[in-house]
There are 2 protein chains.
Amino acid sequence: MRYARIPDQTIRRLPLYLRALFLMAEQGQTEVSSKDLSEHVGVHAWQVRKDFSFFGEFGRPGVGYQVSWLTDQIKTILRLDSEKKAVLVGVGNLGAAVLSFSGFNKYNLTIIAAFDADVNKIGQTVGGVEIRDVACLDSVGELNATLAVITVPGQVAQAVVDPLVNVGIRGILNFTSCRLIVPDQIRVTNIDIGMDLASLPYYI
Amino acid sequence: MRYARIPDQTIRRLPLYLRALFLMAEQGQTEVSSKDLSEHVGVHAWQVRKDFSFFGEFGRPGVGYQVSWLTDQIKTILRLDSEKKAVLVGVGNLGAAVLSFSGFNKYNLTIIAAFDADVNKIGQTVGGVEIRDVACLDSVGELNATLAVITVPGQVAQAVVDPLVNVGIRGILNFTSCRLIVPDQIRVTNIDIGMDLASLPYYI
DNA sequence: GAAAGTTTGTGAATGTGAACACAAGTGCAA
DNA sequence: TTGCACTTGTGTTCACATTCACAAACTTTC
Ligand SMILES: NC(=O)c1ccc[n+]([C@@H]2O[C@H](COP(=O)([O-])OP(=O)(O)OC[C@H]3O[C@@H](n4cnc5c(N)ncnc54)[C@H](O)[C@@H]3O)[C@@H](O)[C@H]2O)c1
Ligand SMILES: NC(=O)c1ccc[n+]([C@@H]2O[C@H](COP(=O)([O-])OP(=O)(O)OC[C@H]3O[C@@H](n4cnc5c(N)ncnc54)[C@H](O)[C@@H]3O)[C@@H](O)[C@H]2O)c1
């Protein structure tokens with residue numbers, strides 16, 4: 001199985017395992033069983049083992065997995081072993097909240113720059129990041145950022161994404177409720193809070 | 001097919017169709033084909049038709065779907081035909097952003113109350129909603145709210161969720177990176193911005 | 001009103017991931 | 001050394017979702 005295609009769903013679960021492992025490491029735990037891990041994440045134990053089996057043999061029967069080594073493995077798989085730089089465009093309510101959030105660090109993710117069109121905001125600092133003029137979006141190229149967070153109004157989302165793609169952004173986290181048109185090799189993840197809230201009544 | 005079990009993935013797509021239909025209605029469009037709709041949402045045309053086929057016959061061959069009627073149908077399926085009330089707990093950076101957001105209205109969703117533990121915030125108004133003392137969380141029962149948005153620090157998330165479940169909340173939108181333990185009949189949707197950002201490097 | 005052009009609705013085929021069951025590896029106690 | 005309790009890794013089975021292909025329904029055109 002080791003060299004087969006990796007299921008998308010498996011990739012989606014890896015960050016969750018990582019989150020749980022960080023928690024365990026903080027509490028001084030050095031070894032963990034698939035059962036342990038599964039309870040933290042909310043899946044079944046065999047799901048955890050199956051997921052790992054796509055990449056190799058990570059654990060020892062009768063013992064479990066070594067927390068630190070497993071953490072490193074998952075980090076490597078997810079390409080979180082080296083620092084990844086991100087920029088944020090649109091420092092409104094939501095953008096400011098994301099900028100102020102410090103929880104990205106342990107995943108080796110850093111927001112190195114923020115952009116806005118509002119002249120009153122340009123020059124100010126939020127979450128330790130200075131807000132620049134969106135007209136200077138081209139400067140992202142020199143910063144070597146590969147990720148972008150889009151928190152502008154939907155109407156201008158596509159307009160800010162196009163130049164970002166041109167200067168080397170490869171992955172986009174899109175908070176607007178507009179579908180972004182990008183080249184095939186660019187990855188877009190959409191977070192639409194409205195959609196998620198609107199889905200809930202169906203299930204209740 | 002009409003009375004079979006509805007695939008989860010179909011339900012997940014319905015709000016996206018709804019979002020596109022609102023846009024079309026705004027632009028004065030009265031009829032729409034599955035092809036049209038599919039391009040707005042980013043799926044294939046037959047996926048759209050298949051999804052609708054689980055609920056009945058919504059369109060007319062050779063013509064398409066009537067925008068207003070289709071909108072009503074989806075609203076009904078998603079239980080968005082009557083107003084649903086939500087409360088928000090934790091008016092920090094993220095909570096304030098959600099409170100200030102006005103895009104929930106068209107889905108018949110209203111945030112009617114907000115709660116925080118910070119005495120400096122209690123009594124203030126954000127996004128037209130007055131912040132109340134989290135110690136009075138029990139009062140949610142009288143408000144007839146069925147939904148809750150959780151934007152408190154992860155450590156206290158479970159502590160605020162437990163009383164919410166007791167006073168009748170049925171659906172929860174959880175922004176913390178902690179798994180919430182709730183009774184089976186309560187629906188929890190997790191939005192973890194850190195996880196979504198951490199997944200991107202794998203794909204780039 | 002017949003023919004050509006659209007578009008829907010859906011059974012069947014295909015693909016993918018979840019769930020299971022169990023053999024095999026490990027540690028420990030007697 | 002043996003037996004027992006525990007845990008991993010994975011081939012297989014099963015359930016669900018996507019994809020396809022096409023008949024049937026409708027409109028438009030001439
Ligand atoms: N806040 C929420 O809870 C929420 C929920 C769902 C979706 N969203 C979406 O997230 C996005 C941001 O929401 P928000 O509440 O922060 O809105 P906001 O209005 O507070 O922030 C938008 C920011 O973008 C800036 N901006 C406008 N045009 C720009 C441009 N061309 N280039 C750069 N910056 C520009 C504005 O100056 C402002 O600072 C919106 O698309 C919104 O629909 C927000
Ligand atoms: N901001 C982001 O971009 C982001 C990203 C990922 C996850 N999150 C998560 O979202 C949550 C909120 O993030 P934030 O950035 O708004 O944090 P924040 O610290 O700005 O806000 C937390 C709010 O909760 C309130 N609070 C604390 N204890 C409370 C209690 N017992 N009852 C009610 N209210 C209480 C605080 O007074 C504060 O207003 C956190 O769990 C965070 O991990 C945020």
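V161(B) pairs with exactly one of I169(B), I172(B), T176(B) by the side-chain contact (heavy atoms from CB on, under 4.5 Å) rule, that one being I172(B).
Nearest-nucleotide positions on DNA chain C for F52(B) and R13(A) put F52(B) closer to the 5' end.
Taking atom CD on E57(A) and atom P on dT10(D), their separation rounds to 5 Å, with Å as the unit. Distance E31(B) CD to dT27(D) C1': 11 Å, rounded to the nearest Å. Atom pair K50(A):NZ and dG17(C):C1' shows a separation of 10 Å (rounding to whole Å applied). In this structure, the CG atom of L37(A) is 13 Å from the P atom of dT7(D), given to the nearest Å. The interatomic distance linking Q47(A) (CD) with dC20(C) (P) rounds to 11 Å, in whole Å. W46(B) places its CH2 atom 14 Å from the C1' atom of dA12(C), with the value rounded to the nearest Å. Distance E39(A) CD to dT7(D) P: 11 Å, rounded to the nearest Å. At whole-Å resolution of the value, CG in D51(B) and P in dA17(D) are 10 Å apart.
Taking the six-membered ring where tryptophan is involved, the planes of W46(B) and H44(B) are essentially parallel, since the angle between them stays under 30° and well short of 60°.
For dG17(C), one of the phosphate oxygens OP1 or OP2 lies less than 4.0 angstrom from a side-chain nitrogen or oxygen of R5(A). The side chain of S34(A) contributes no N or O atom lying less than 4.0 Å from OP1 or OP2 of dT7(D). When the side-chain nitrogen and oxygen atoms of R60(A) are compared with OP1 and OP2 of dG9(D), none of them lie within a distance under 4.0 Å. A sub-4.0 Å separation between OP1 or OP2 of dG9(C) and a side-chain N or O of Y65(B) is present. For the pair S33(B) and dT7(C), the criterion of a side-chain N or O lying under 4.0 Å from OP1 or OP2 is not met.
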Subject >> Check against side-chain contact (heavy atoms from CB on, under 4.5 Å), R19(B) and M195(A) >> reply: CA-CA 8 Å; R19(B) 198 177 73 183; M195(A) 293 296 98; 3.7 Å; yes
**OP:** List the steps, then state whether ring-ring contact (aromatic ring centres under 6.0 Å, His included) holds for F58(A) with F52(A).
**Re:** CA-CA 7 Å; F58(A) 287 0; F52(A) 293 163; 5.7 Å; yes
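For the residue pair T189(B)/D196(A), the side-chain donor-acceptor check at 3.5 Å is not satisfied.
For P61(B), the side-chain atoms get nearest to dT8(C) when compared with the rest of dT19(D), dT10(D), dT8(C). Taking the side chain of Q9(A) as heavy atoms from C-beta on, and the options dA25(D), dG17(C), dG9(D), the nearest nucleotide is dG17(C). If you check dA17(D), dG17(C), dT8(C) against the side chain of D8(B), the one that comes closest is dA17(D).
Side chain R49(B) to base dG9(C): a donor-acceptor pair is found below 3.5 Å.
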